[in-house]
Amino acid sequence: MCLAIPARVVSIDKDDMATVALEGIRKPVSIALLEEVAVGDYVLVHVGYALHKLSEEEAERTLQLMAEAGVLAEELEDMAGEPAAGAGA
């Protein structure tokens, strides 16, 4: 379905990349579209890009709504299987 999904930044990497985590899934994502991203921030991730920073409360509320709507599991599967933005090709 490819919805944007909130995830927590667990590391800032080189070349405008970061690693995010959600439900045990760790994923490299591009942070090139955002300013001042830090470890512990929550970001909205879509197709390998962090698009927007959001509060922990907003992230939790969004994840809860996605779970209630029945789309969270599908989005987590997509997140686990999608290649990272900007990753070598």
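All residue numbers in this chain count up from 1 along the given sequence.
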So how far is it from Thr19 OG1 to Arg8 CZ, rounded to the nearest 0.5 Å?
11.5 Å
Pairs flagged by side chain to side chain donor-acceptor pair (under 3.5 Å) wherever residues 59-73 is involved - sequence neighbours left out:
Gln64-Glu68
If we only count heavy atoms from C-beta on, is the Ser30 to Met17 side-chain gap below 4.5 Å?
yes
Which atom of Lys53 lies closest to which atom of Leu34, heavy atoms considered
CG-CD1, 4.1 Å
Is there a chain of hydrophobic side chains (I, L, V, M, F, W, Y, each step under 4.5 Å between heavy atoms) that links Leu44 to Leu65?
no
Should side-chain heavy atoms under 4.5 Å link Ile, Leu, Val, Met, Phe, Trp and Tyr, which residues sit in the same cluster as Val10?
none
Test item: Ile31 and Leu33 side chains (from C-beta on) under 4.5 Å apart, heavy atoms:
no
So, applying side chain to side chain contact (heavy atoms under 4.5 Å, CB included) with Ile5, which one of Met66, Glu23, His46 is it?
Met66
Taking all atoms of both residues into account, what is the closest heavy-atom pair of Pro6 and Leu22, and its distance?
O-CD2, 3.3 Å
Smallest heavy-atom separation, Tyr42 atom then Ala59 atom, equals CD2-CB, 3.5 Å
Nearest heavy-atom contact between Asp13 and Ala18 is OD2-C, 3.4 Å
Work out which heavy atom in Ile12 is nearest to a heavy atom in Val37; give both atom names and the distance.
CD1-O, 3.6 Å
Leu54 and Leu72: same hydrophobic cluster, using ILVMFWY side-chain contacts below 4.5 Å?
no
